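Source: prediction; values computed, not measured.
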Amino acid sequence: MLTIKLNMMQAVALAIVVYYIGKFLRGKIKFFQTFCVPAPVIGGFLFALIHLGLKLAGICQFEMDTTLQDPFMMVFFTAIGVGANLETLKKGGRGFVLFLIISVVLVFLQNTIGMAIAIGLKENPLMGLICGSISMVGGHGSAGAWGPNFEQNFGYQNATVYAMAAATFGVIMGSLIGGPIGSSLIKRHNLKPVEDRKKIESYDEVLENLHDQENGYEHLPLTAEDFIKVLGLIFISIGLGAILQKFIYDHISIKGTPLSLPAYVTSMIISGIYVNTIGKKGKMAVDQRAAGICGDVGLNVFLVMALTNIDLLTLKDVAGNMLIILGAQTVLMALFAYLVCYKVMGKNYDAAVLAGGMCGFGMGATYNALANMDSITEKYGPSPTAYFILPMVGAFAIDIINSLFITFFSNLSF
């Protein structure tokens with residue numbers, strides 16, 4: 001059988017081509033648009049399927065140098081830390097705090113239930129974690145980061161394939177249940193949107209602050225200097241994060257086991273500290289638009305590279321047990337959104353919209369949540385409060401907290 005070897009630059013080139021194939025298909029196929037399936041996932045899984053077919057037919061196989069996969073992943077997650085501006089978070093007020101608290105509870109429940117079912121099915125407990133907050137709240141980004149981590153540090157083979165498959169299931173199911181749950185709450189309680197001009201103005205103002213005014217620039221064009229500054233911060237954070245990672249491993253333990261934080265978590269912490277201290281304003285501040293673009297580039301290339309390298313054949317041995325765990329996660333998410341999120345967030349129209357959005361956020365990503373809320377608000381009316389609260393939690397706060405929870409659960413011994 002012919003073996004096609006790609007060096008690290010060719011592997012990135014292939015990933016970018018596959019990304020655009022996914023983007024093209026997403027624009028043409030309504031299913032992908034309806035369920036907000038990301039372009040990297042579409043292209044990456046399509047390539048994995050084609051690669052599987054070529055291998056089974058004995059035609060050819062690909063061997064790719066993935067040296068640059070981790071650097072792209074580190075850029076993505078560290079850019080999240082760059083966006084962790086505490087001044088902006090403070091503007092979220094009580095609603096932001098409440099939504100963050102229940103999101104933390106959801107992370108805990110997803111991991112507890114996932115691992116409990118995995119143990120009951122006599123699977124590796126890490127399977128429950130993979131089908132827990134790694135792929136549910138974490139989505140494809142966390143799945144692609146933690147899969148290799150479990151393979152290298154815990155010897156759990158094929159963890160990346162399982163995590164990516166679970167994340168794709170979550171994206172689809174979270175999009176399926178979110179709209180109906182939000183709509184049913186609105187109908188059952190006869191809820192109406194609150195036409196509050198002050199809330200709408202506040203929402204618009206916060207969006208502007210997220211992009212512009214916090215750092216003292218107003219709609220200025222991005223320059224090479226902006227990107228150099230952001231990339232400089234990102235790579236310095238990665239370097240210092242490696243030192244912090246080793247310090248924590250050497251000095252902190254859980255039940256006698258050294259605490260092994262992933263490199264991207266400590267990098268996020270370093271970049272977050274910078275933007276909230278000396279990088280708060282003035283010449284030391286970074287342009288959040290540039291940071292967002294760097295993060296998007298990192299995520300898209302990293303995801304495609306991770307997906308093009310998975311072997312779908314390895315799913316056959318665990319597919320049944322995975323579906324049992326993921327089915328339980330879907331039920332948990334639906335009940336949690338309907339009974340907990342709606343009540344805690346105020347039992348009003350905004351709470352119902354947030355409940356629908358939480359299904360996408362809790363089983364996919366922020367863009368799934370926004371799509372769910374779009375489907376609800378297009379029919380019943382606007383909810384500026386919901387659109388204000390959820391993205392702030394989903395943009396960076398929950399990623400850092402989720403990583404700490406995953407680290408804790410993965411270091412438990414069973």
Side-chain angles (χ1 to χ4, degrees), residues 11-23 26 32 36-48 66-84 133-149 160 163-164 166-168 170-171 174 210-211 227 230-231 233-235 237-238 241 262-265 267-268 271-272 286-310 360-361 363-371 391 393-400 402-403 406:
V12 173
L14 175 65
I16 293 171
V17 170
V18 169
Y19 165 76
Y20 276 105
I21 291 172
K23 194 173 178 65
R26 192 175 188 274
F32 294 141
C36 300
V37 182
V41 175
I42 299 167
F45 266 113
L46 175 63
F47 182 88
T66 58
T67 301
L68 293 177
Q69 181 175 315
D70 280 353
F72 277 110
M73 182 263 287
M74 293 294 290
V75 167
F76 161 58
F77 279 107
T78 310
I80 292 174
V82 176
S133 72
I134 287 177
S135 56
M136 297 292 101
V137 165
H140 284 92
S142 290
W146 281 95
N149 181 286
T160 302
M164 287 298 190
T168 302
V171 164
L210 281 169
H211 296 294
F227 287 99
V230 167
L231 287 172
L233 171 58
I234 287 173
F235 284 105
S237 297
I238 292 170
Y264 77 80
V265 175
S267 299
M268 279 198 294
S271 61
V286 295
D287 192 310
Q288 290 295 335
R289 297 170 299 170
I293 291 170
C294 289
D296 287 344
V297 171
L299 173 63
N300 286 318
V301 177
F302 150 63
L303 267 186
V304 178
M305 290 188 75
L307 286 163
T308 53
N309 280 286
I310 66 175
F361 160 78
M363 294 189 73
T366 303
Y367 44 76
N368 295 92
L370 295 175
V393 175
F396 38 76
I398 199 62
D399 287 300
I400 297 172
N402 188 29
S403 297
I406 295 167

Calculate, to the nearest 0.5 Å, the distance between atoms [atom1] and [atom2] belonging to [X] and [Y] respectively.
X: Ser403; Y: Ile134; atom1: OG; atom2: CD1; value: 9.5 Å
X: Met74; Y: Gln69; atom1: CE; atom2: CD; value: 13.0 Å
X: Leu46; Y: Ile21; atom1: CG; atom2: CD1; value: 7.0 Å
X: Ile406; Y: Asn149; atom1: CD1; atom2: CG; value: 9.5 Å
X: Met73; Y: Leu68; atom1: CE; atom2: CG; value: 12.5 Å

task = List in chain and number order the residues that pass side-chain contact (heavy atoms from CB on, under 4.5 Å) with Ala290, two or more places apart in sequence or in another chain; answer none if no residue qualifies.
result =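 Listed in chain order: Leu222, Asp226, Phe227, Val230, Asp287.
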
side-chain contact (heavy atoms from CB on, under 4.5 Å) involving Ala79 - partner list, sequence neighbours excluded = Ile234

Note, [X] side chain near [Y] side chain (heavy atom, < 4.5 Å):
X: Asp296; Y: Phe76; answer: no
X: Asn368; Y: Met363; answer: no
X: Leu299; Y: Phe72; answer: no

task = Give the intermediate values and the outcome of side chain to side chain contact (heavy atoms under 4.5 Å, CB included) for residues Leu233 and Val82.
result = CA-CA 8 Å; Leu233 171 58; Val82 176; 3.8 Å; yes

ask   = Of Asn300, Ile42, Val301, Leu14, which is the lone residue that meets side-chain contact (heavy atoms from CB on, under 4.5 Å) with Tyr19?
value = Asn300

ask   = Taking atom types as modelled and ignoring hydrogens, do the side chains of Thr168 and His140 form a donor-acceptor contact shorter than 3.5 angstrom?
value =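 Thr168 vs His140: donor-acceptor pair found between side chains.
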
request  = Determine the interplanar angle of the Tyr264 and Trp146 rings, folded into 0 to 90°, and report it as parallel if under 30°, tilted if 30 to 60°, perpendicular if over 60°.
outcome  = perpendicular

Heavy-atom pair of closest approach, residues [X] and [Y]:
X: Gly83; Y: Gln288; value: CA-OE1, 3.3 Å
X: Met136; Y: Gly170; value: CE-CA, 3.9 Å
X: Pro391; Y: Leu370; value: CG-CD2, 4.0 Å
X: Cys294; Y: Val75; value: O-CG1, 3.6 Å
X: Ala145; Y: Phe77; value: CB-CE1, 3.7 Å
X: Pro40; Y: Leu303; value: CB-CB, 3.8 Å

inquiry  = Tell me every residue that passes side-chain hydrogen bond (donor to acceptor under 3.5 Å, both in side chains) with Ser133, counting only those two or more places apart in sequence or in another chain.
reply    =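 Partners of Ser133 under the side-chain hydrogen bond (donor to acceptor under 3.5 Å, both in side chains) test: Asn111, Asn402.
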
ask   = Stepwise, does the side chain to side chain contact (heavy atoms under 4.5 Å, CB included) test hold for Ser237 with Met268?
value = CA-CA 7 Å; Ser237 297; Met268 279 198 294; over 6 Å; no

inquiry  = I'd like to know if the side chain of Ser271 and the backbone of Thr78 have a donor-acceptor N/O pair within less than 3.5 Å.
reply    =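 The answer is yes, because a donor-acceptor pair under 3.5 Å joins these two groups.
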
